[in-house]
Every structure is written in C-alpha cells, then in structure tokens.
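Atoms within a ligand are numbered from 1 in the order they appear, just like the ligands themselves. The shown structure was predicted, so the numbers you read here are calculated from the model rather than taken from an experiment. For the single chain, residues carry numbers from 1 onward in sequence order.
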Amino acid sequence: MRAMALCRVCGSTLGEPAYQAAAPALTSIMTALNSDTVVHVCERCSHAQCPNMPDIQTFYDTTYRISLEADDHDQLFALAADGRPLYRTDHQAAISLRMLELPPGALILDYGAAKSDTLRKLVEHRPDIIPHVFDVSRDYVFAWQDWVRAEHQATYTIDPSWHGRFDAVMSHFAIEHVAEPIAFLAQIRAVLKPGGRLLISLPDVHANPGDMIVVDHLNHFTDPSIRHALKATGFTVNEINRADFPGAFFVSATAREGNLAGPEDGVAAATAQNREICRFWKKAYASLTQTRDRMAGQRCTIYGAGFYGSWIAQQLSGAMDVVAFLDQNPKLHESQHMGIPVRHPAELDETVDTIFIGLNPLKARAIMASVSFPTHRDLNLVWLD
Ligand SMILES: [Zn+2]
C-alpha cells in the first residue's frame with residue numbers, strides 16, 4: 001500500500017500508520033468494506049485520519065442511506081431516568097437552537113443535510129427561520145419536499161448565487177466523512193454572511209475511541225485540529241462543547257475576514273491520546289482473536305448492536321456461533337443485524353454463558369453494572385480492554 005502523503009488539516013507530511021488492520025473494515029452504517037483499516041496521526045496538528053475510500057462519491061450517492069429505511073428510525077441517544085428512550089435528532093435540535101443564537105427570520109442552511117431531521121425539528125421551534133438544505137445525494141429529496149421550498153434545496157453542487165447569503169449554517173456529522181475538510185469548511189465560509197454563525201457537530205474520538213477505526217470516517221478531529229481547520233478557513237471559534245452530546249463535539253464559530261491558522265495549544269497531549277487509542281485497538285484485536293480461537297465453535301452473545309458490537313461480530317464471524325445481540329434500544333428488537341437477531345438483555349438465551357461486551361470501553365463497566373440478566377448462572381463477560 002502506498003503511504004498517505006499529507007495531513008488533511010495542516011498539510012504536514014505523515015509518517016508510518018499508527019494503526020493498521022487487514023480487511024474487512026467496518027463502516028459507520030455497520031457494513032463491511034473490503035479494505036484495510038489504516039490510521040495516521042499528525043504530529044503537527046494532532047489530526048488523525050484514514051485513507052480515502054475507493055469510489056467515495058458512489059458510496060455517499062447511492063450506498064450511504066442512513067435512516068432511510070423507516071420514517072421513525074432514529075438512533076438511540078440515551079435512556080431517560082424513567083427508561084424512556086431519547087433520540088438523537090431531538091437532542092441535536094435542542095443544542096443547535098441554543099448554540100446558533102439565530103436572529104429573527106434567519107436564513108439557515110443545513111450543509112450535508114441527509115434527511116435534515118434536525119433542521120425540521122428546529123423549524124418547529126422557530127417557524128420564523130427560513131430553511132435551506134444541501135447534500136451530495138438526491139436520495140433525501142423526498143424527505144425535504146413538505147417543508148423546504150424547492151428553490152431552497154441544493155444537491156451535488158451549490159450555486160454561486162448562494163454565496164454570502166446565510167445568517168447561519170449547520171452541519172451535523174458530515175465533516176468526518178469528507179476527503180477535503182478544509183475545502184468543505186471553505187465552502188461553508190463562502191455561503192455565510194460576514195459575522196454569520198456556523199454550528200458543526202462531529203465525533204469526538206477521545207470520548208468514543210471506536211471512531212478511530214470507522215473506515216468511512218476519514219477524519220478524526222481533536223480539539224486542536226478542529227480549531228486549526230476553522231481558523232484556516234476564516235472562522236473565529238466561539239465554543240467547543242463536549243459536554244452536551246457524549247462522544248461528539250458541537251462547535252460554534254463566526255465567519256470573519258482573513259485566515260489565522262497556526263499551532264494550537266494541546267497538540268502534544270492530543271497526539272499522544274490518539275496514539276494511545278491506536279494501541280488500544282491493536283491490543284483489543286489481538287485479545288479478541290485469541291479468545292475467539294480458544295472458544296471456536298461455542299455459542300455466545302454480544303452486548304450492544306452498535307459499532308463496537310458489530311466490530312466484535314465481524315471478528316467472530318465464521319468461528320463462533322453468535323446467537324444474538326443484546327441491546328436496550330427497543331427499535332432494534334425483533335430485527336436482525338448482520339444476520340443475527342437483536343434481543344432485549346432480559347431475553348438472554350439460557351444456553352449461552354459467554355457475553356462479549358460491545359460498548360465504548362470508557363463506559364462499558366458502568367453500563368454493565370446497571371444491567372440485570374434473568375439468570376444467576378456465572379456469566380463469562382469478555383471485555384474489549
Ligand atoms: Zn496536521
């Protein structure tokens with residue numbers, strides 16, 4: 001494999017990969033991709049990145065259909081105190097409303113909108129604002145028709161007549177996918193009025209280390225690397241919020257004249273943390289494949305049908321008999337994931353003693369401490385760390 005030349009944020013030459021694993025890789029929509037997983041960490045700005053995917057345009061135009069299957073499909077964000085599920089777009093809309101500080105009648109663009117559920121919910125709270133949407137696919141047009149005027153919709157490219165037009169742009173969980181994040185932010189800057197507000201959300205790999213090996217997340221931003229990218233494209237950073245949406249950054253910035261990119265504080269610490277996460281995955285892979293080979297042919301379940309659980313299932317495939325995923329999300333029950341049924345934890349199969357824990361390792365022990373299984377048998381819990 002040809003080594004990747006340059007950091008996508010600061011342009012520095014990159015050295016050897018910090019992590020490398022053989023195909024298949026796992027995508028953010030939990031499908032397998034016949035590609036190695038490779039992570040580079042930049043020493044100068046602390047950005048971590050995966051190589052470009054083959055045929056990236058086709059992947060987003062026709063393959064990447066997140067949340068398209070069912071109208072009410074939404075990712076579980078958390079469980080409320082009363083056990084009621086909270087869904088992610090509601091939460092994104094609430095944070096966006098607060099951080100954008102929209103003036104009355106604001107023209108707002110959802111950039112990389114997909115179905116744009118977040119903006120739709122935002123408009124429900126603020127009927128005065130004028131919604132616009134842009135995406136690199138036409139798959140989502142049907143979801144916009146009822147509430148975004150046709151002339152306020154853009155697909156594939158943005159017409160120059162939109163330059164300097166918007167009071168606000170928001171972009172949720174899009175920049176991690178793009179091969180040219182600087183060009184992406186520069187395009188957003190171009191459509192904003194001077195003084196216009198940007199809100200961008202993206203994964204925080206330090207809070208959710210699984211993000212490092214999501215193969216279609218070409219970018220794994222750190223606090224210093226997102227600051228660097230925003231300053232380089234004509235923004236002043238107002239707030240980097242890591243508290244309101246666990247596992248993600250919500251960043252607000254203001255469009256201004258000129259660029260001021262330079263070294264940010266905290267690069268050395270963020271770089272070290274990226275390298276530590278890469279070491280974690282190396283160890284996790286070695287330990288999981290060892291356990292798998294020792295227990296070959298046995299029955300097991302996997303706790304968690306999200307990214308971590310799917311990654312485990314991918315490694316166990318063909319060697320162990322995975323009878324079910326266990327997951328708290330009621331919307332996943334009675335469905336199959338990767339050809340495996342998904343059940344509530346209370347429905348743990350009586351014949352299974354081994355549970356692989358497919359959860360964020362930073363939270364896994366706390367979560368599992370609150371789960372009760374319908375048995376007093378000794379269970380063999382296998383952790384990623
Ligand atoms: Zn860099």
(request) Identify whether the distance between the nearest side-chain nitrogen and carboxylate oxygen of D385 and R365 falls below 4.0 Å. (result) yes

(request) Taking all non-hydrogen atoms of both residues into account, name the closest pair between V205 and F221 and its distance. (result) CG1-O, 4.1 Å

(request) Could you tell me whether R98 sits above the aromatic face of F250, with NZ or CZ closer than 6.0 angstrom to the six-membered ring centre and within 45 degrees of the axis? (result) no

(request) Spell out the protein N/O/S atoms under 2.8 Å from the Zn ion (ligand 1) as residue plus atom name. (result) C7 SG, C10 SG, C42 SG, C45 SG

(request) Consider only side-chain N and O atoms of T27 and D216, and report whether a donor and an acceptor are under 3.5 Å apart. (result) no

(request) Using distance alone, with no hydrogens and no angle criterion, decide if H333 and D327 have a side-chain donor and acceptor under 3.5 Å apart. (result) no

(message) Salt bridge or not between K121 and E124? Use side-chain N to carboxylate O under 4.0 Å.
(response) no

